[in-house]
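Structure first, commentary second.
Just so we're on the same page: letters track the sequence lines, and every chain starts at 1. Small disclaimer: the values here were computed from a predicted structure and weren't measured.
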2 protein chains.
Amino acid sequence: MELYHLRTFVAVAEEKHLTRAAERLFTSQPAISAHIKALEETLGVTLFDRTPKGMRLTPVGEELLPRARQALAAASAVMQHAKGLQDELIGSVRIGLNTDARFLRLTALQAGLAEHYPRLEVAMLTGSTGTNLPAVRVGKLDAAFVTGEIDDPSMSVCFLCDEPLVIGAPASLRDQITSTEVADLARLPWVYTSPDCSHFAAMRALFDAHCCEPTRTLIANQEDALIEMIRAGVGLGIVRAGVFSDDEQAYELPVALPSVPLQFVYLRKRENDPLIRAVMDQLCAVWGIEPPTAIAREAG
Amino acid sequence: MELYHLRTFVAVAEEKHLTRAAERLFTSQPAISAHIKALEETLGVTLFDRTPKGMRLTPVGEELLPRARQALAAASAVMQHAKGLQDELIGSVRIGLNTDARFLRLTALQAGLAEHYPRLEVAMLTGSTGTNLPAVRVGKLDAAFVTGEIDDPSMSVCFLCDEPLVIGAPASLRDQITSTEVADLARLPWVYTSPDCSHFAAMRALFDAHCCEPTRTLIANQEDALIEMIRAGVGLGIVRAGVFSDDEQAYELPVALPSVPLQFVYLRKRENDPLIRAVMDQLCAVWGIEPPTAIAREAG
DNA sequence: CCCACGCCATCACAATTTCCGAAGACGCGA
DNA sequence: TCGCGTCTTCGGAAATTGTGATGGCGTGGG
């Protein structure tokens with residue numbers, strides 16, 4: 001028994017004629033006749049009395065008709081529900097962060113996602129460039145913010161802005177910082193995040209360029225921890241410009257550093273995933289950039 | 001969308017593998033794959049994530065699964081309900097009577113029908129042989145009791161018993177009935193039912209055989225009315241033997257009359273109608289006769 | 001590090017089902 | 001008795017569905 005049997009059953013019961021039911025269902029009358037016959041055979045009952053005036057429901061048919069309608073309604077509920085879901089994203093998206101929410105414009109991103117996809121659960125997970133990249137690779141994150149050049153062909157990378165870096169210094173060390181020569185600064189204690197963080201790379205590049213090495217280092221594997229360490233006077237560190245504006249406990253040294261790009265990454269193979277597309281659309285709106293052109297668009 | 005799409009959907013959701021679902025559904029893996037693909041296309045949503053380990057429901061699929069189950073359940077409810085109905089007769093059967101219920105053994109017939117077909121409504125409609133026959137012909141009755149020979153090729157006739165006839169006379173006329181010669185009796189008033197009743201035919205035959213005619217007649221178009229008329233002293237009449245046993249108001253005259261057959265009739269073209277078959281089965285059980293062999297029996 | 005395994009998608013072709021138009025059977029009404 | 005409208009049946013055509021083989025892809029063991 002298939003749905004078309006039931007559709008025909010209901011149509012014939014309502015039209016009381018195979019001919020009219022056939023017209024309503026855009027098919028031929030023998031086809032309708034065969035449907036009814038097949039249905040009667042599989043059900044083992046007679047649904048209609050055949051009269052010269054048409055088809056009249058038997059008491060058994062009368063009794064089965066509402067159930068057939070119910071089955072059709074249930075099937076059409078599946079379709080209708082699916083229609084309502086087809087442009088709606090449900091489930092959850094996990095986005096890895098690598099710095100503070102303000103700078104990443106998270107509230108605007110969240111607002112845009114919430115507005116367009118109210119049933120989408122958005123998880124903003126703190127992390128760092130170093131932890132985000134593998135997380136995206138293995139699917140623990142759907143996408144992530146990262147800083148620095150990414151050289152991974154499996155990743156799609158979306159440039160958001162350039163992030164100027166400065167050397168941040170604690171106010172408590174101001175007396176000891178008499179020169180902004182890198183070699184002199186290298187003799188002071190340093191704090192940095194993790195080796196795969198772009199700030200670390202910038203620091204390495206800085207010291208390598210001046211052929212020197214910082215005396216002592218301390219790892220803080222999260223950016224706000226790094227900033228707190230600097231404020232607390234543990235040592236110098238590389239931070240985003242502006243972090244220490246109007247800060248009592250730390251300040252920025254006037255040393256020229258190359259800026260690093262802030263980027264948004266996700267697995268290239270998911271670039272046509274509606275979830276990724278939705279996030280990218282909102283992200284690009286927030287950052288005022290063009291969304292990457294899709295490789296293939298499917299008909300809805 | 002057809003039911004097999006939903007069946008496959010549910011099977012794959014439960015088995016989490018196309019291969020296993022194919023085994024469960026006794027078909028091939030590409031067929032299952034095509035079902036899911038087609039369903040996803042008609043619904044416009046992605047139901048499964050394809051992983052190297054198998055198929056995993058998407059949130060959308062998760063949401064649609066219970067509805068798909070519901071639709072399948074509704075469809076299978078149709079089948080189940082039909083199974084329950086397939087040997088059950090529902091609706092109503094209309095049986096025409098032509099004489100009293102005791103003689104027709106109606107209580108036993110009713111009991112048998114009620115026991116085997118509790119949902120069958122049985123209508124026992126009083127009438128006479130003359131009114132029952134056309135009612136059966138045009139479908140106002142499904143079957144009927146009649147007396148006398150029936151010569152109608154469109155009717156199936158089932159003989160039940162011979163009905164001996166007697167002349168019933170009112171006790172109040174006993175003094176006037178001095179002879180049982182038909183010619184003498186003809187001078188008395190007579191009551192009979194209707195011209196197409198077999199009792200009437202018997203009376204005509206009686207008088208024709210003796211070349212005489214009753215003086216006065218009165219028509220009562222129902223048998224119990226006839227009997228009451230006789231009791232009331234209106235006149236003589238032909239009744240079934242035994243009606244006036246132990247009766248104070250009427251008695252039977254010792255005049256030899258031919259007996260007439262009591263029969264049960266229905267339209268010949270309905271002899272394989274389950275309703276007719278059911279009634280015949282019960283009727284034959286009650287009367288201790290063999291049911292007529294069916295022309296064709298269908299597989300249940 | 002590579003290969004073998006299990007998974008699903010795709011393809012061309014075969015089997016089945018479904019569909020169509022024509023013809024037949026049947027009862028009704030003129 | 002004939003015409004009309006109904007449903008059923010029939011043969012062949014069309015569409016759908018199913019099959020087995022093949023390929024891509026990621027995973028896990030050697």
Integer-rounded Å distance: [N] [atom2] and [X] [atom1]:
X	N	atom1	atom2	answer
A:Lys16	D:dT6	NZ	C1'	16 Å
A:Asp49	C:dG27	CG	P	14 Å
A:Leu18	C:dC26	CG	C1'	14 Å
A:Leu25	C:dT18	CG	C1'	15 Å
A:Arg56	D:dC7	CZ	C1'	14 Å
A:Ile32	D:dT8	CD1	C1'	14 Å
B:Phe48	C:dC7	CZ	P	16 Å
A:Leu39	D:dC7	CG	C1'	17 Å

- Step through it carefully: locate the ring centre of A:Phe159, locate the ring centre of A:Phe264, and say whether they are under 6.0 Å apart.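 Not under 6.0 Å, so no.
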
Does [X] place a side-chain N or O at less than 4.0 Å from the phosphate oxygens OP1/OP2 of [N]?
X	N	answer
B:Lys53	D:dG28	yes
B:Lys37	C:dT10	yes
A:Ser33	D:dT9	no
A:Thr19	D:dC7	yes
B:His17	C:dG6	no
B:Arg50	C:dC7	no

- Message: Please determine whether salt bridge (charged side-chain N to carboxylate O under 4.0 Å, His left out) holds for the pair A:Glu2 and B:Arg7, giving the CA-CA distance in whole Å, both sets of side-chain angles, and the decisive distance to 0.1 Å.
- Response: CA-CA 11 Å; A:Glu2 291 299 331; B:Arg7 279 190 276 264; 2.5 Å; yes

- Message: Heavy-atom count check: over 12 atoms from other residues, nucleotides or ligands less than 6.0 Å from A:Arg56 CZ?
- Response: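 No, the 6.0 Å shell around CZ holds no more than 12 heavy atoms from other groups.
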
- Query: Rounded to the nearest 0.5 Å, what separation is found between the CG atom of A:Leu97 and the CZ atom of A:Phe145?
  - Reply: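 Spacing of CG (A:Leu97) from CZ (A:Phe145) equals 7.0 Å.
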
- First locate atom CG of A:Leu3, then atom NE2 of A:His5, and finally report the distance between them rounded to the nearest 0.5 Å.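 Output value for this atom pair is 10.0 Å.
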
- Under a 4.0 Å N-O cut-off, is there an ion pair linking A:Asp142 with A:Arg270?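 Salt bridge flag = yes for A:Arg270 with A:Asp142.
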
Give each protein N/O atom lying under 3.5 Å from an N/O atom of nucleotides 18-26 of chain D, with the pair distance.
residue	atom	partner	partner atom	Å
D:dG18	OP2	B:His35	NE2	2.6
D:dT19	OP2	B:Thr27	OG1	2.6
D:dT19	OP2	B:Ser28	N	2.9
D:dT19	OP2	B:Ser28	OG	2.9

- With B:His17 as reference, evaluate B:Arg20, B:Glu14, B:Glu15 under the side chain to side chain donor-acceptor pair (under 3.5 Å) test and give the passing residue. B:Arg20

